[in-house]
Amino acid sequence: MLASMPLPLLSLRSMEPKWIFRIVLVLLLLCTIVAWQYEQHQEQARIAAAFDELAARKAAQVHARVNGYARTLLDLRGLFVADPNVSGDEFRRFLQGIEATRRYPALMHIGYAPRVTAANQASLERRLRAMGLPDSQLAPGALPVLYGYPAPGPLLGQQLGLDDTARRALARARDANMPQLTAQLPLRGDPAREPGFVMVLPLYGYSTAPAGVAARRIALSSYLFAAFRTADLVSSTIGADLAQTMRLALFDAPATVAGRLVYDSGGAAGGDQRYRSIQHAEVGGRPWTFVFVALPPFVRAARSMLPALVLAGGIVMSVLGAALAYVGSRRWLAEGTVRYLAFHDELTALPNRARLRAAIVEALGQPGQASRLALLIVELTRFRDINYTLGHLTGDEVLRQAGARIGGVVGHAGLVARISNVQFGILLRDADEAAAIAMAQRLMVAMEDPLPAHDSKYEVGARAGIATAAGPEGRPGDPDDLVRHADIALHRARSNGAAWVVYDAALDPYKPQRLALLSAFRQAIKDDQLEIYCHPKADLGSGRITGAEALVRWRHPEYGLLTPDQFIALIEPTELIQLLTQRMLECALRHSAAWRGDGVALPLAVNLSTRNLLNPALPELVAGLMNTCGANPSWIALEITESSIMDDPALSLRVLNRLHAMGFELVVDDFGTGYSSLSYLMKLPVSVIKIDQSFTMSMTTDPDAAAIVKAMIELAHALGLKVVAEGAETKEVWDALARLGCDEAQGFYISEPLPADAFRRWLQRAPSALALTAS
Ligand code: C2E
Ligand code: CA
Ligand code: CA
């Protein structure tokens, strides 16, 4: 968890929501198509099953009609069994009685044909002649039609069973004692000679059929028959269906044999071939095959809305789903970005200070780890040269490279974070002081190699402050303490010019009294324990004292005189800093007023800190104090550090603009230590820059520092600003500054900061006592 984890979120952030929309849309549409296809398939199966069922019903209807004919013949046989001498009238009356023609409209003809034997030949010939058929020549075995219904008809006297198919049916019926159907034949009784079938049923001489084929052949006495047109059979049963919902091809065969097609309602090929049902039936002893094909009206009626609904619904849901994914991913990515930015430094993509602190808190919470935790704060040393001479783009690139290099050295040993402009925090796991020092040394060595940026290489150094988490009694410390300790160590490294320093509680100026000091400070203000020390500055050309800076001192009842570095950093994050500033302004104005009463008109500079600049009420506060003292703005200058402006440039600028408008001289303090660009600072209403003492003090020994001081002076002058150099500690520095054309200097060479009264006395001697002019 401590390992550097710079980029996974970045790669997700780079995935655009519109691509997520497209991908989700395509996936959902594919699912929709699959579901739609499936549903269509199901639908077809459903329709096919429904059509099969309908076809089976229709085939059964036709079959039942033919069975009806058989039934009629069987009923009729009952009449002959009861009385073998049925007359023609009785025959017709019976059929009328059972309403045969009404029940079976397609029935064309029902007839009776006795078998001619030697015994009945003469009487049959007589009867036929009596019926007006004089030339009927009968021979034994012939089957002349004797009765007919509904009309006695053209068949009377004609022979039954003249062709093969009729003869075979007659023989089958006789042997089986069952109604049997002929194959299809042209109907002789039909004037149009249309194709049809004849069903035949045998009668035996005895009332019941004898058992056995041989006995039946002997006993056969006559046949009953019924003839019907194929077309009439079909149209009178399922004609309506054939007109609207289906087509039929009927084969008088067990299968679809082309030569045995006996009925075709209009080309079975015409319908919807997806729905085709084949039905078989045993009709009058013959296997029939029905081939039904659905017509579009049937398919339309059977079709459901489901597939269309699935398709339409699927498309709508796909778009909705994709839109949801789009919105969701945007939100998710935005949250990810916010989360990412909250814990990462944008420039280097490394974790930031907040992430580092979270990691410290987490590590301190783990029992095994807490005491084996070390924090290094690494600060780049010559970085500002790059920023000043080459500008920000190069500076940014160098910072990125520095971050990458530090990350490379630390590897999985810890977490690397960028915690301020030129500082990197490195949290080492499982490291004691020796391991932390070894890491610091490795880092210093690594940073000795120039860093590449924009086709060039830049020399950047580094220093480090080191702290371990073990508390005073070996207990884990406070997370903020760890950072503070590393900070203090870094501070010492900076002021000692050391590459690295390990925190030493004995040398921590804040440590023992920290909390006590905070509560004591409020009391200190009430009890007037704060004092002003005045630190003069002088004109480098004439040596004349031009003003003084008001520096705070705390005369602590127990600890004695405390300097600002012992308490300012402590109170700065709290509202106490407002009280301090207010008190300093009051004191400065009071002293100024007193001196002016004596004819000494020296401006006093008061230091403002970040929180003062962020306090929109500051200008009113200052104006109020001025009123009470009857002061005017030329009495006071205000010093603001570069870094404090950069904390919230917009708000600071508003406050500074108002102070400037009120007539105060604004001074940029510690110039050169921050990260702000000179061009940005020039937008501020400032008129003086104060070069930080770290440059000034080393300018006589370090040519780089001298070059920077020279560049700063020239740049500031080019921009019309006055330049004051702090830290003029020696005559060499004073002279060097004078040579460079610096306007004023402040430092121990002129004087140490003095209590206000001592300063007042010093002033009286100063112009003569000090030979400050450059030699
Ligand atoms: P600063 O504003 O940069 O003040 C200059 C500091 O440098 C003073 O330290 C001064 O004694 C020291 N100094 C000046 N010339 C030389 C020199 O030639 N050699 C050396 N070695 N040091 C020199 P001091 O008084 O300890 O103040 C430290 C810092 O505390 C100040 O730095 C300022 O940031 C802060 N400070 C002091 N008084 C106040 C105050 O009233 N309000 C606020 N907000 N900050 C204050
Ligand atoms: Ca200052
Ligand atoms: Ca300063």
Side-chain angles (χ1 to χ4, degrees), residues 491 494-497 509-510 521 524-525 529-538 547-555 561-589 591 603-615 618 622 636-645 647 665-674 686 688-700 712 723-734 736-737 742 744-756 759 772:
H491 204 74
R494 204 184 293 139
S495 41
N496 298 352
Y510 311 113
F521 189 82
I525 288 180
Q529 294 169 9
L530 300 185
E531 294 176 10
I532 272 195
Y533 270 51
C534 295
H535 199 204
K537 55 185 176 143
E549 180 177 1
L551 296 165
V552 67
R553 298 290 182 265
W554 178 3
R555 196 165 296 280
L561 193 67
L562 298 180
T563 52
D565 54 291
Q566 288 171 292
F567 61 91
I568 293 270
L570 272 182
I571 62 162
E572 220 160 17
T574 73
E575 284 305 306
L576 290 173
I577 193 71
Q578 311 284 8
L579 295 178
L580 169 69
T581 301
Q582 184 176 348
R583 176 52 54 94
M584 290 301 284
L585 283 166
E586 279 166 7
C587 286
L589 286 170
H591 288 298
L604 266 180
V606 174
N607 290 286
L608 298 183
S609 75
T610 311
R611 270 178 175 259
N612 300 134
L613 285 187
L614 300 180
N615 174 13
L618 180 74
V622 179
I636 294 285
L638 298 170
E639 296 194 2
I640 319 114
T641 63
E642 197 185 340
S643 55
S644 67
I645 298 168
D647 262 14
E665 181 179 70
L666 301 179
V667 179
V668 177
D669 202 356
D670 298 351
F671 186 74
T673 56
V686 296
V688 181
I689 63 163
K690 247 175 131 172
I691 297 176
D692 188 66
Q693 48 187 295
S694 60
F695 301 96
T696 321
M697 293 203 302
S698 52
M699 66 185 284
T700 50
M712 286 180 185
V723 186
V724 179
E726 304 182 315
E729 210 164 359
T730 61
K731 177 160 168 41
E732 289 76 53
V733 173
W734 173 273
L737 288 169
C742 188
E744 295 176 8
Q746 183 182 13
F748 291 179
Y749 175 59
I750 305 164
S751 165
E752 289 191 13
L754 299 168
F759 175 70
L772 289 176

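Counting starts at 1 for both ligands and their atoms, following the listed order.
The side chain of Asp669, and not its backbone, has at least one atom closer than 4.0 Å to an atom of ligand 1 (non-hydrogen atoms only; side chain from C-beta on). Residue-level proximity to ligand 1 for Ile568 is carried by the side chain, the only part with a heavy atom below 4.0 angstrom.
Scanning all protein heavy atoms for the shortest distance to atom 3 (O) of ligand 1 gives Glu726 OE2, 3.0 Å. Here the protein heavy atom with the shortest distance to atom 10 (C) of ligand 1 is Leu551 CD1, 3.9 Å. In this structure, the protein non-hydrogen atom closest to atom 42 (N) of ligand 1 is Asn607 O, 3.6 Å. Among all protein heavy atoms, the one lying closest to atom 14 (C) of ligand 1 is His535 CE1, 2.9 Å. Considering only non-hydrogen protein atoms, atom 38 (N) of ligand 1 sits nearest to Val552 N, 3.1 Å. Scanning the protein heavy atoms around atom 11 (O) of ligand 1, the nearest turns out to be Pro753 CG, 3.4 Å.
Taking backbone and side-chain atoms together, Asp670 has no N/O/S atom less than 3.0 Å away from the Ca ion (ligand 2). At a threshold of 3.0 Å, the Ca ion (ligand 2) has no backbone or side-chain N, O or S atom of Thr641 nearer than that distance. Among the backbone and side-chain atoms of Asp692, no N/O/S atom is found under 3.0 Å from the Ca ion (ligand 3). Backbone or side-chain N, O or S atoms of Glu726 do not reach the Ca ion (ligand 2) at under 3.0 Å.
Within the 4.0 Å heavy-atom shell around ligand 1 one does not find Lys690. Not a single heavy atom of Glu572 sits under 4.0 Å from any atom of ligand 1.
The Ca ion (ligand 2) forms the vertex of an angle spanning OE2 of Glu549 and OD2 of Asp669; to the nearest 10 degrees it equals 180°.
The shortest N/O to N/O separation between Pro564 and ligand 1 does not fall below 3.5 Å. Some N or O of Arg553 is nearer than 3.5 Å to an N or O of ligand 1, by distance alone. Distances between N or O atoms of Ile577 and those of ligand 1 include no value under 3.5 Å. Annotation: Glu549 places an N or O atom under 3.5 Å from an N or O atom of ligand 1; distance criterion only. Backbone and side-chain nitrogen or oxygen atoms of Gln693 are examined, and one is located within less than 3.5 angstrom of a nitrogen or oxygen of ligand 1.
The residue among Phe748, Phe567, Tyr749 with a heavy atom at the shortest distance from atom 13 (N) of ligand 1 is Phe748.
Heavy-atom contacts of Gly747 reach the following atoms of ligand 1: 15 (N), 18 (O) (cutoff under 4.0 Å). Annotation for ligand 1: atoms under 4.0 Å from non-hydrogen atoms of Asp670 are 3 (O). The contact set between ligand 1 and Met584, taken as ligand atoms under 4.0 Å from a residue heavy atom, comprises 41 (O).
Across Leu608, Asn612, Thr610, a single residue satisfies side-chain contact (heavy atoms from CB on, under 4.5 Å) together with Ile577, and that is Asn612. With respect to Val668, the side-chain contact (heavy atoms from CB on, under 4.5 Å) criterion is satisfied by exactly one of Val724, Ile640, Ile689: Ile689.
With respect to the Ca ion (ligand 2), Glu639 has OE1 as its nearest N, O or S atom.
To the nearest 0.5 Å, atom CD1 of residue Ile636 and atom CE of residue Met584 are 10.0 Å apart.
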